[in-house]
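Here the structure is a predicted model, which is why all the values come from computation and not from measurement.
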Amino acid sequence: MNDDLHTDEFHVIASRLVKHLNNAIMMSRVAHWTVRGTDFYQYHLLFERIYDELGELQDTQIEQLRALGHNPTFQELSGPGIDVPAYDTRTLTELTLDYLMAAQAVYTTAFEYSEEVDDARMYGFGDYLQGGLQTMLQVQYLLQSALGG
């Protein structure tokens, strides 16, 4: 058995994958529950769609990581722990986008890592990461469209 998957580098990347995606999910849930204003319902549904899509991605991500030897910690799953200005739709959208972009950056790093590691178990993980990036790009488009950009 190749021990490449049990290096500190893999666990740092895996931890960041969990943490950043979870932060984006938690932020979209906060936004879903707190958004107000004349476009309330539109944004309410947008944020619900985002956390549903990212939540499905998170479930398969954690299953993949556990199969590769990384068990997420409470700290990785505890959320961003920020104080969000009440009812400010633009800020909620921007914060969700920021957390999503951080998750995308880690996914890209993880994909590059999976391509470099000489371990057959990682080949399927790279494909999974590419699919996850596609989901995140769709969510990014939704958020940027909501911001008017």
Side-chain angles (χ1 to χ4, degrees), residues 5 9-117 119 121-149:
L5 291 179
E9 184 178 18
F10 170 74
H11 289 289
V12 167
I13 291 170
S15 179
R16 288 179 181 162
L17 283 171
V18 173
K19 183 68 175 167
H20 289 299
L21 182 58
N22 191 62
N23 286 349
I25 292 166
M26 295 303 293
M27 191 65 240
S28 65
R29 285 186 180 206
V30 167
H32 170 77
W33 293 322
T34 62
V35 70
R36 300 285 189 270
T38 56
D39 295 330
F40 157 76
Y41 192 66
Q42 167 188 326
Y43 281 98
H44 181 76
L45 293 178
L46 170 70
F47 289 119
E48 181 176 27
R49 177 179 175 182
I50 289 168
Y51 75 70
D52 282 345
E53 288 185 22
L54 295 180
E56 288 179 27
L57 180 60
Q58 181 186 42
D59 184 58
T60 56
Q61 171 188 281
I62 291 174
E63 289 168 359
Q64 290 276 333
L65 291 173
R66 288 184 58 125
L68 294 170
H70 181 78
N71 293 308
T73 65
F74 175 78
Q75 290 77 18
E76 293 166 8
L77 296 168
S78 63
I82 60 169
D83 185 22
V84 180
Y87 315 135
D88 182 348
T89 302
R90 183 162 191 85
T91 301
L92 292 169
T93 305
E94 288 172 347
L95 286 169
T96 303
L97 182 60
D98 287 348
Y99 285 117
L100 178 70
M101 299 296 280
Q104 285 176 320
V106 178
Y107 262 64
T108 301
T109 300
F111 177 75
E112 291 168 359
Y113 175 80
S114 72
E115 294 291 299
E116 293 172 7
V117 173
D119 191 312
R121 295 172 292 176
M122 290 298 279
Y123 298 142
F125 190 58
D127 293 340
Y128 158 77
L129 291 166
Q130 283 186 318
L133 280 168
Q134 184 63 35
T135 298
M136 286 187 213
L137 285 173
Q138 292 168 354
V139 170
Q140 177 185 350
Y141 173 78
L142 291 172
L143 290 166
Q144 288 175 329
S145 295
L147 289 169

For the pair His11 and His70, name the ring-plane relationship: parallel under 30°, tilted 30 to 60°, perpendicular over 60°. tilted
Which of parallel (below 30°), tilted (30 to 60°) and perpendicular (above 60°) describes Tyr51 and Trp33? tilted
Separation between [atom1] of [X] and [atom2] of [Y], rounded to the nearest 0.5 Å:
X	Y	atom1	atom2	answer
Leu133	Tyr128	CG	OH	9.5 Å
Glu48	Arg29	CD	CZ	9.5 Å
Gln140	Gln104	CD	CD	4.5 Å

Give a yes or no answer on whether the side chain of [X] reaches the backbone of [Y] with a donor-acceptor pair at less than 3.5 Å.
X	Y	result
Tyr43	Ala31	no
Glu76	Thr73	yes
Ser15	Val12	no

Is the shortest side-chain heavy-atom distance between [X] and [Y] below 4.5 Å?
X	Y	result
Met136	Leu57	yes
Thr93	Leu97	no
Gln58	Leu77	yes

Identified side chain to side chain contact (heavy atoms under 4.5 Å, CB included) counterpart of Met26 within the set Asn23, Asn22, Val30: Asn22
